[in-house]
2 protein chains.
Amino acid sequence: MKVTVDIVIFTIQPDELKVLLVKRGIPPFKGQFALPGGFVHEDESLDDAAMRELREETGVSDVYLEQLYSFGDPGRDPRERIITVAYYALISADRSQLAAGTDTTEAAWWRVNKLPPLAFDHRKILDYALERLRNKLEYTTVGFQLLPEKFSLTELQGVYEAILDKKLDKRNFRRKIELLKILKPTSEYRRGGQRPARLYRFAAARFEKLKDKGILFPF
Amino acid sequence: MKVTVDIVIFTIQPDELKVLLVKRGIPPFKGQFALPGGFVHEDESLDDAAMRELREETGVSDVYLEQLYSFGDPGRDPRERIITVAYYALISADRSQLAAGTDTTEAAWWRVNKLPPLAFDHRKILDYALERLRNKLEYTTVGFQLLPEKFSLTELQGVYEAILDKKLDKRNFRRKIELLKILKPTSEYRRGGQRPARLYRFAAARFEKLKDKGILFPF
DNA sequence: CCAAAAGTGTTAGGAGTACACCCATGG
DNA sequence: CCATGGGTGTACTCCTAACACTTTTGG
């Protein structure tokens, strides 16, 4: 019985939630799009395998990675019995440029609400990842993983809106974040638009105390 | 690479949360306690494998079963590389008597806060299952899976208290349940104590509408 | 000076929490 | 009649949601 890992890699690009898909070069499903993934080596843990695949595909490491679910229906791979352990990863906006060497016909970012047909049961995996991400957004700080180190409040709100796929009230959003005391203001501003926006940094330390308080972001 | 399923089977017995453990008859960890489990067959899905093991071990089927997480560190089994897909199951109080044929030195219910040392990484799996159960209790109706079809409000509260391991306020608990409108009163009463207690039935249908409302039971 | 995004307060309604007494039954 | 668990209501606080205008900058 063979075991693979498949990874749903999310990023935010201009207020859009995107996932990385690769074009398959070999059968089955040759020419179709699929999630990046590969076999688990004999001597590595599942997490390590996922991390390795992620690095091979995107060049980044040290990103948020979480195991999702295992899919193992007989017949999910037409060739032989393969069980896959699915993961999802979050890559911040400033690190989601694909390596120059990567042929963009091979690996590319796709908007989550405009996906091509996917190979195997990858559509199911992707939907599951999206659901998990939406849920986790509400009671953890995964949202911050999609932003660069310093970000404006509007950018943060954009992440929430992109993932939840709905508009949020600016004042309520900001008050809620304020109340949580998990952001440290910097003295920098994002210029280039109209009025400059103050940049903040995620203060993870303060968050630890809040974890068992339950819901953090009920937007 | 071999794949197994291991199952954390919970039940409630007199206001105590319990898990089923089996004594290992063969090395490694011979004589120690472990979670029930076994290999995934070539032609069955992961869910089917878990269901089969559950039935073999307890004689019950048609119970709540949910995939938990996959554990696959090299070395978690000293003999060879084995990846296990962990599940947890909930068996209602009225169905948790072990089959007469089962030698009780082989399989027995253990209080979750008074466990023996466990084989492999099963302690980690069990802790994870308990955490998941506690979380799910707050935003789903899994709690009802641990009760017979008809139950009193005090019994329901007992389930919450046993799992969350804390006392709850009777009036607030009842008001909250009332508000959710997910119970249908029956005309039966539980007698035998002092004042008889009205029995209720879980009205699953009404719940469907509430699911996306978020938190249901923030006790 | 105009367009565009940043930033800021108040109010009304609903949910959570804390808390104490009467009721029905069996022995 | 008494011990035991079943059953009920109120007041306060806090969080949520709805809602509109002023400020700062670049062009």
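Chain identifiers are assigned alphabetically (A, B, ...) following the order of the sequence lines, protein sequences preceding nucleic acid strands; residue numbering begins at 1 within each chain.
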- [ ] Nearest whole angstrom, please: distance from the C1' of dG5(D) to the CD of Glu155(B).
- [x] 12 Å

Task: Rounded distance (Å) that lies between atom C1' of dA6(C) and atom CG of Leu156(A) - done: 15 Å

Task: Whole-Å distance separating the CZ atom of Phe173(A) from the C1' atom of dA18(D) - done: 17 Å

Task: For Asp15(B), side chain to side chain donor-acceptor pair (under 3.5 Å) partners two or more places apart - done: none

Open item on the list: Take a 6.0 Å sphere around CD of Glu178(A) and say whether it holds more than 12 heavy atoms from other residues, nucleotides or ligands.
Closed with: no

Task: Phosphate OP1/OP2 of dA5(C) contacted by Thr154(A) side-chain N/O (<4.0 Å) - done: no

Task: Nucleotide dG26(C), atom P - distance to CZ of Arg190(B) in whole Å - done: 15 Å

TODO: Enumerate the residue pairs fulfilling salt bridge (Lys or Arg N to Asp or Glu O under 4.0 Å) with a member in residues 190-199 of chain B, sequence neighbours excluded, ordered by first and then second residue.
DONE: Glu155(B)-Arg190(B)

- [ ] May I have all residue pairs that pass salt bridge (Lys or Arg N to Asp or Glu O under 4.0 Å) and include part of residues 114-130 of chain A, sequence neighbours excluded?
- [x] Arg76(A)-Asp121(A), Arg123(A)-Asp127(A)

TODO: Could you tell me which residues satisfy ring-ring contact (aromatic ring centres under 6.0 Å, His included) with Phe71(A), sequence neighbours excluded, listed by chain and number?
DONE: Tyr69(A)

Open item on the list: Counting only side-chain nitrogens and oxygens, does Lys176(B) get under 4.0 Å of the OP1 or OP2 atom of dG16(C)?
Closed with: yes

Task: Nearest-angstrom distance from the residue atom CZ of Arg171(A) to C1' of dA5(C) - done: 15 Å

Task: Integer-rounded Å distance: dC19(D) P and Leu168(A) CG - done: 15 Å

Task: Aromatic ring pairing Phe151(A)/Phe144(A), orientation class (parallel under 30°, perpendicular over 60°, tilted between) - done: tilted

- [ ] Would you kindly give the CZ-to-P distance between Arg175(B) and dA15(C), to the nearest whole Å?
- [x] 11 Å

TODO: Kindly point out which of dG7(D), dT17(C), dA17(D) is positioned nearest to the side chain of Asn172(A)?
DONE: dA17(D)

- [ ] Not counting sequence neighbours, which residues clear ring-ring contact (aromatic ring centres under 6.0 Å, His included) with Tyr88(B)? List them please.
- [x] none

- [ ] Would you indicate what Arg198(A) reaches in the nucleic acid, counting non-hydrogen atoms under 4.0 angstrom: base, sugar-phosphate, or nothing?
- [x] sugar-phosphate

Within the sub-3.5 Å range, which N or O atoms of nucleotides 21-26 of chain D have a protein N or O partner, and how far apart are they?
| from | atom 1 | to | atom 2 | distance (Å) |
| --- | --- | --- | --- | --- |
| dT23(D) | O2 | Arg195(A) | NH1 | 2.7 |

Open item on the list: Please report the distance, rounded to the nearest Å, between NZ in Lys167(A) and P in dA18(D).
Closed with: 16 Å

